[in-house]
Amino acid sequence: MTDTPLPIGGESRPATMGRTTVPTRSAQPTTPQVRRSIGRISRRDLVVLFGSAIASLATTELLFGRLAPFRGRLGFVVVAFALFVVVYGLLVSLTEDRPAVVDRVMGSLFSAAAVIAGAALVSVVGFTLWRGRSALLKSNLYVQDMSQAGPLDPLEKGGILHAIVGTVIIVSLALVVTVPLGLACAVFLNETRSRMRGVVRSVVTAMTALPSILAGLFIFATWVLILGFERSGFAASLAISIMMLPIIVRSAEVVLRLVPGNLREASEATGAPQWRTVWHVVLPTARSGLVNAVILGVARGVGETAPVLLVSGITSTINSNPRRNPMMSLPLAVFEFVRSPQQALIQRGFATAAVLMVLVLALFTLARVIAGRPAGRQSKRQARRTMRRSAKDLERIETVEGGTR
Amino acid sequence: MQTNTSLPVRDDERPAPTPREISSRRGLGDRNFNRGLSLTGVSVLAVMAAVGLFLTIEAWDAFSAVGFKFFTTSTWQPDRRVFGVAAVLLFTILIALLAVAIALPLAMGTALFIVEVVPSWLRSTFIAIVDLMAAVPSVVYGLWGLFFLQGQIIGLSRWLTTWFGWFPLFSVSGDDPTSPISSGTVYTASTFIAGVVVSMMVMPIACSVMREVFSQVPPGEREGAFALGSTRWGMIRTVTLPFGRGGIIGGTMLGLGRALGETIAVYLIISPRFDISFHVLENGSNSVSSLIALRTPEATGFGLSALMAAGLTLFALTLVVNFVASIFVARSRSGAGSEA
């Protein structure tokens, strides 16, 4: 092709066309070409991987105790991994060039990082469940408080009901404050054109990282010292609210941003005022994501220890009145139990931590299940309900039309 | 039957149409709606301002009593009017830096593993693992560090001080690691152990920011690198890492901010000390937040004011770190959409 510009409109052909030359094809390629497989793990790769794993394990086993005075589990793992990387690199370099060797070695380092992360999570969860197993299996843990049980009593006596009740009350009170405020603030950040949005957004981000102890200290300074109220469950729920609010705002805002703009525009085009658009279109569309945001906030609030320690205090009896007297929460109970030297109390502490952890992980899994659907996609039951409702609407419309006819 | 016939008006006889007046002015309901929403935004600002304001008010007594010496004194005896955050702040920063130093390579490796290495059907599992790590309450990490990690890691501490003891950070006074009767108690409750535990809590936070940024690398650039014959690591080095630089720095700073404020896990692990020491492997450490948690329940009057002053210092420190982090994230190519 020449680079003569084509006349606009394409009415006439260009006066000159370049000559196109077709490359002459040699009858046979000089070497037979083999299709390269990309992206798949070949059998060779697997052999190299397993070979270097076995080689490194065997060499480390030799080093530890036989050839060199090494010992310790941690050292074994570290030495074995270092040897693995070296052997693997050597084996790969037999067939590949240098960039490919670097690529494989870096890939194994990334995998190692992920394995460490996974191992840390498994050991945290597993260790807590294991140490708490004997107390966890006693049913009295869930139905009694610690008022009748002394530190020397066996695990058959006493439980953490006071902490469970306290956690439920504190978190519910915090939800009453944070859900409306947090969702309204998320709507403010996403739906209005206010000039303050930038400031509010960066302050909310900064608030996400506010140390929990400072939330407790702030409530202690205002509610207890300046206003003169006593330390109570309500004060703890105020402090927890400060920790939960930014989490809810941020994750709700992200979800609201995903609501398709044409839904909003369609609603505005029917003449609906903005508040009706938000209430009837934007919020219902993002419902699953908003529930997810609230659950994430709850998961954060349930696990906070320091603010409750400062503004509520420690007790061993059930207190269902958030207005007065100390109220216990689950993480605070863990903290209190394990500060004691008594083995039985430490076991209770681990069991309480396991209950707390299972609660948080369950909330988290629930949040993932709910947030698994994108905004605006309905579950089967929701879809059935919507269809039933529109069928009823159609029926109503038809009867009205039939009446006037 | 009679009908009226009307002739259609011809176009040129019709009066010229006047454009309808269109107003973008909202109705009363919407204006109130917007006002109400602004109010919630203002209330969030007010809460944050109030935290700073009331901490300052309560801390005023302590600040005015010792003045600038608050930042150079290392003991904590408010009743004798001799107190300051020099040692406590130093330990706080040491713990946070250690935590970030351990968490940064782990977080980057895990984020790159999730985005680039793992097959797509396993990806959501690993994302869930990292998210779950972030969701485990800090008191549980504290238990794990106190009862599990401490026993495992003393060997590493001893090894470090045996071979790297010439480096001031790793030297330990009061123990001869080559002596057969050295018991290892010198290595318990140290800054190092606290740093390792906090790194486990910081890692998922930094990792999720990095993962978010890495997954936004424009596919055209990635495929361009592959089409030019790059290996996967070559693509990561030349495309993913430069693109995600803001996210890496921002995620790390965010983790640093979280590490500075960590309370209960540090409280459980360390045994408090109030002298300036850089020996991270040695028994005893401290942090601003655990000092507050330890002393507030029984403090009164002036002692409380001193604790509020310490809290205000921590507040200012974390605010600065977080604003620097958000600036880095917002100015990176991946942009503000990926912030925290």
Side-chain angles (χ1 to χ4, degrees), chain A residues 72 74 99-100 102-103 106-107 109-111 113-114 116-118 120-121 124 127-128 181 184-185 187-188 192 194 196 200 202-209 211-214 217-218 220-222 225 242 273-275 299 303 305-306 309-310 331 334-335 338 350 353 356-357 360-361 364 368, chain B residues 26-27 29-30 33-34 37-38 40-41 44-45 47-48 51 54-55 58 106 109-110 112-113 117 126 128-130 132-133 135-141 143-144 148 152 155-156 200 203 231-234 254 257-258 261 263-264 289 292-293 296 308 311 314-315 318-319 322-323 326 339-340:
Chain A
L74 191 68
V102 176
D103 176 54
M106 292 312 289
L109 289 182
F110 299 154
S111 316
I116 292 176
L121 180 68
V124 167
F127 180 72
T128 312
L181 192 60
C185 191
V187 171
F188 167 72
T192 63
S194 167
M196 280 192 321
V200 171
S202 45
V203 165
V204 169
T205 313
M207 208 166 156
T208 327
S212 61
I213 189 88
L214 291 183
L217 205 58
F218 164 64
F220 190 77
T222 50
L225 290 185
I242 296 181
Q274 193 190 7
W275 67 270
T305 320
L309 173 70
L310 287 194
V334 177
F335 179 70
V338 299
F350 272 101
L356 173 66
M357 204 171 57
V360 172
L361 297 192
F364 219 78
R368 286 197 74 85
Chain B
R26 296 276 183 191
D30 272 353
F33 177 66
N34 270 310
L37 287 182
S38 305
T40 64
V44 172
L45 290 186
V47 167
M48 202 59 177
V51 173
F54 281 102
L55 284 181
E58 292 288 324
L106 275 183
T110 311
L112 285 174
F113 177 80
V117 181
F126 275 92
I129 286 180
V130 172
L132 283 181
M133 275 187 86
V136 172
S138 66
V139 69
V140 178
Y141 277 111
L143 283 194
W144 177 75
F148 177 79
Q152 307 289 318
L156 177 63
M200 286 298 126
M203 196 284 278
T231 57
R232 189 172 55 201
W233 165 244
L254 206 71
R258 191 59 68 83
T263 311
I264 230 69
S289 47
I292 297 172
T296 307
M308 297 282 175
L314 181 64
F315 181 67
T318 49
L319 267 195
N322 279 297
F323 272 115
S326 62
E339 63 192 86

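Any value given below was found using the heavy atoms of this structure, including those in side chains, with hydrogens, waters and symmetry copies removed. Each chain gets a letter, A, B and so on, in the order the sequences are listed, and its residues count up from 1.
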What part of A:Ser111 gets within 4.5 angstrom of chain B, counting heavy atoms only: side chain, backbone, both, or neither? both

With a 4.5 angstrom heavy-atom cut-off, which part of B:Thr263 approaches chain A: side chain, backbone, both or neither? side chain

Could you tell me which of A:Leu121, A:Ile242, A:Val338, A:Val200 has the largest number of non-hydrogen atom pairs under 4.5 Å with chain B? A:Leu121

Separation of A:Thr222 OG1 from B:Glu58 CD (nearest 0.5 Å): 8.5 Å

Within this structure, what is the CG-CG distance for the pair A:Leu361 and B:Leu132, rounded to the nearest 0.5 Å? 5.5 Å

Go through the atoms of B:Arg258 and report whether side chain, backbone, both or neither lie under 4.5 Å from a heavy atom of chain A. side chain

Would you mind checking which part of A:Met106 comes under 4.5 Å of any heavy atom in chain B, side chain (CB onward), backbone (N, CA, C, O), both or neither? side chain

Just jot down the ring pair (Phe, Tyr, Trp, His ring centres under 6.0 Å) partners of A:Phe335, sequence neighbours excluded, or say none. B:Tyr267

Among A:Leu225, A:Thr128, A:Leu309, who wins on heavy-atom pairs under 4.5 Å with chain B? A:Leu225

Hey, what's the ring geometry for B:Trp233 with A:Phe110, parallel, tilted or perpendicular (30° and 60° as the breaks)? tilted

If I take atom CE from residue B:Met308 and atom CZ from residue A:Phe220, how far apart are they, to the nearest 0.5 angstrom? 6.5 Å

Using a cut-off of under 4.5 Å on heavy-atom pairs, state which of B:Leu156, B:Leu45, B:Val117 scores highest against chain A. B:Leu45

Who among A:Val203, A:Thr305, A:Val334 has the most heavy-atom pairs with chain B under 4.5 Å? A:Thr305

Once rounded to the nearest 0.5 Å, what's the spacing between atom CG of A:Leu214 and atom CE of A:Met207? 12.0 Å

Between A:Ala184, A:Ala353, A:Gly107, the one whose heavy-atom pairs under 4.5 Å with chain B are most numerous: A:Ala184

Is the shortest heavy-atom distance from the side chain of A:Thr192 to the side chain of B:Ser38 under 4.5 Å? no

Proximity breakdown for B:Phe113 and chain A, heavy-atom pairs closer than 4.5 Å: both

So which part of B:Thr318 gets closer than 4.5 Å to some heavy atom of chain A, the side chain, the backbone, both or neither? side chain

Residue part contacting chain A, namely of B:Met133, when any heavy atom lies under 4.5 Å: both

In chain order, what residues pass the side chain to side chain donor-acceptor pair (under 3.5 Å) check against B:Asn34, with sequence neighbours excluded? A:Gln274

Side chain, backbone, both or neither: which part of A:Leu109 has an atom under 4.5 Å from a heavy atom of chain B? neither

Can you tell me which portion of B:Phe148 sits under 4.5 Å from chain A's heavy atoms? Options are side chain, backbone, both or neither. both

Pair count under 4.5 Å, heavy atoms only, with chain A: among B:Thr296, B:Val47, B:Ile264, B:Leu314, highest is B:Ile264

Hey, which of B:Thr231, B:Asp30, B:Thr40 has the most heavy atom pairs under 4.5 Å with chain A? B:Asp30

Any side-chain heavy-atom pair from A:Phe218 and B:Met48 closer than 4.5 angstrom? no

Side chains of B:Ile129 and B:Thr110: closer than 4.5 Å at any heavy-atom pair? no

Region of A:Val360 in contact with chain B, defined by heavy-atom distances below 4.5 Å: side chain

For residues A:Met357 and B:Leu143, determine if any side-chain heavy atom of one lies less than 4.5 Å from a side-chain heavy atom of the other. no

Could you look at B:Phe126 and say if it's the side chain, the backbone, both or neither that has a heavy atom under 4.5 Å from chain A? side chain

Max heavy-atom pair count under 4.5 Å with chain B, selected residue of A:Gly118, A:Ala117, A:Ser194, A:Ser212: A:Ala117

Heavy-atom pairs under 4.5 Å with chain A are the metric here; pick the option from B:Val136, B:Leu55, B:Ile292, B:Leu319 that has the most. B:Ile292

Top contributor to chain A contacts, counting heavy-atom pairs under 4.5 Å, from B:Leu112, B:Val130, B:Val140, B:Asn322: B:Leu112

Under 4.5 Å, counting heavy-atom pairs only, tell me which of B:Gly257, B:Gly29, B:Gly261, B:Gly109 racks up the most with chain A. B:Gly109

Let me know if B:Met203 has heavy atoms under 4.5 Å from chain A in its side chain, its backbone, both or neither. side chain

Contact class of B:Val51 relative to chain A, heavy atoms under 4.5 angstrom: both

